[in-house]
There are 2 protein chains.
Amino acid sequence: MADVARRAGVSTKTVSNVLSGNVPVSGATRERVLGAVDDLGYEINVTARILRRGRSGLIGLAVPELGQPYFGELADEVLAAARRHGLHVLIEPTGFAREHELAALRVPRRRLLDGLIFSPAALDQGDVAVLEGLDYPLVLLGEQIFSPRVDHVTMHNVDGARTATDLLLDAGRRHIAALGILSAPTAGASRLRFQGYREALAARGIGVDERLLGRADEGWHRANGARAMASVLDSGVAVDGVVAFNDALAIGAMHELQVRGHAIPRDVAVVGFDDIEDARFSVPSLTTIDPGRREVAQVAVDVLRRRLDERETPHLTGTPPVRHLAALRLVERDSTPPRRA
Amino acid sequence: MADVARRAGVSTKTVSNVLSGNVPVSGATRERVLGAVDDLGYEINVTARILRRGRSGLIGLAVPELGQPYFGELADEVLAAARRHGLHVLIEPTGFAREHELAALRVPRRRLLDGLIFSPAALDQGDVAVLEGLDYPLVLLGEQIFSPRVDHVTMHNVDGARTATDLLLDAGRRHIAALGILSAPTAGASRLRFQGYREALAARGIGVDERLLGRADEGWHRANGARAMASVLDSGVAVDGVVAFNDALAIGAMHELQVRGHAIPRDVAVVGFDDIEDARFSVPSLTTIDPGRREVAQVAVDVLRRRLDERETPHLTGTPPVRHLAALRLVERDSTPPRRA
DNA sequence: CTGAAAGCGCTAACAC
DNA sequence: GTGTTAGCGCTTTCAG
């Protein structure tokens, strides 16, 4: 930067002013500085800037795994939203591991990241104190952990699962399997979606049949959807409907059903959750719950950005924690029978 | 850090030594320092460290889009490989846009990233000079651009497409559609895979029928696979096989075929490219080419890491550019007829 | 093995 | 508007 200043015949401060744009600089000087920058092929050293400013313009996104379509698509949305605000995103896949999630929480404290958007999968309500003790802006995704002192952006899991189950019940199905149950009692989305399933059944006076519950403790992947479906079918119980707790499970389940000769939706109707791109092109296309992924991403970035701004102006701090529930939408496709008009 | 030093009764240098682990420190002092770190809840300021060291331990990964399963899964592999070497990854989705790709190339110059793994989609051979002029380690993925002066990690696209096409020809298919042709003449993978398709046909004395070529200029998404398939079928040409240039296109095409009542593989056999997770659970499951995604990720990180090390020891520099071709593997599933024994 | 002092490259204060 | 000075928090000489 000193070289640029020399060449332009100004001080480094003026160069800094031109490049940061914070302080107005007269037209002629500006041109000269930019000319010198071009001549020398100068690029600013971001690290020094961050050190000096105390803000990096980088936010973290901690999610389990990008290969899972839901998170890959979510990450794209977060990255796009962040870019609109001039922020960059460091993605930290935590692989469903407690230690990786804890490690991810420590990164911003080291001052490289200004804040964190965190979708917990291994940490649970018992770890809420860890999250409340953090001294940087944090936005929590999902309903795995709740704290009145932390910003949340999520969706109404219970409602979504109830809607999905109701759709099958309305179609006259009475032997509805639920796929994606986790053995661990604390797991957020699984428990809530199961609750929605149970509530929908209960509203029609139907009890939960254990044989219809498909576990997926190794993660909500397609392979586990197929496996869970297989174990339900192997139990010998009659099945005419499936509520899968995400689309990947649903697609795995549809695969297994069709391999065994069950027609979808005639013999078995299937509903998923997430509305990933696959859902539109599976065979048959998958009826599912659109959880407002884009809205979640945008709001999460927005809340985080607001907290970062508040930090800059300490006297304005103190907005109460946000709890945003994104709108859900039922997307009906060909894996469920068309509704009677 | 000064606080920690004071509390431990040592100098900041000693604290630094303990935390970085570069210089051995006596056991007792170590304990005292670590104790003070714990007491104060101290976390090192990464930014200052980067500024001083001149290396960040961060590498960039520039890919078009994480929502595309191939890139989401690739990103997971790169992140995992990087983590094994103590590196972090900043993902820069470039959205198939030239300007975003150029922007991504400028980030490392600003000294926040030590190097870059770049999968170009919009830049092409005409931009090779830009890549050759960079003053930081760069690893190029794919065969979109080639330079003898840059490290490449890729796969043999032509072979892969030829193998896929041969499989269909061996099964007696003679009206084989190719999906994923781009109008832009430069586009790497598309052109190469098309070449493999053409070579396989030529080897049996079959010419290319224009009506069998499905364009997908809006990207290799499922939706465009369905659309391309539709336009081929609408042309009225007979079709008994499909080579799709990636799995997403193949899955979209299978959807369209089945909606129109074509049985797979009986009426039309389908082969994809990429072996994304979907391919195992589509209906029917998809025969495809596994491009050695994990190998690509590992080798790319490894090459980059080696270049970073070389930088540290300038006298050892000069290893010639690497050109690594990952091994391809044909994965036969249910979208193609079983082979005669 | 440990301490003192210098400086990585930039920007916030403050003067002019 | 622009120049001067100091310092962000760490690691790296260089002594001891």
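First the proteins, then the strands, lettered A, B, ... as listed; each starts at 1.
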> Would R323(A) count as a cation-pi partner of F146(A), with NZ or CZ less than 6.0 Å from the six-membered ring centre and within 45° of the ring normal?
Replying inline: yes
>> Among L308(A), V303(A), D309(A), which residue satisfies the side chain to side chain contact (heavy atoms under 4.5 Å, CB included) criterion with R306(A)?
In response: V303(A)
> What are the two closest heavy atoms between T94(B) and A104(B), and how far apart are they?
Replying inline: CG2-CB, 4.3 Å
> Looking at E310(B) and R307(B), does any basic side-chain N land under 4.0 Å from a carboxylate oxygen?
Replying inline: yes
>> Measuring to OP1 and OP2 of dT2(C), would you say a side-chain N or O of S26(B) lies under 4.0 angstrom away?
In response: yes
>> Using side chain to side chain contact (heavy atoms under 4.5 Å, CB included), reason through M155(B) and R293(B) one step at a time and then give a plain yes or no.
In response: CA-CA 9 Å; M155(B) 67 194 95; R293(B) 181 170 36 252; over 6 Å; no
>> So T29(B), base contact, sugar-phosphate only, or nothing? Heavy-atom distance under 4.0 Å.
In response: sugar-phosphate
> R6(B) CZ to dG3(C) C1': how many Å, rounded?
Replying inline: 15 Å
> Reading nucleotides 7-15 of chain D 5' to 3', which nucleotides get B (base under 4.0 Å from a protein heavy atom), which S (sugar-phosphate only), which -?
Replying inline: BBBBBB---
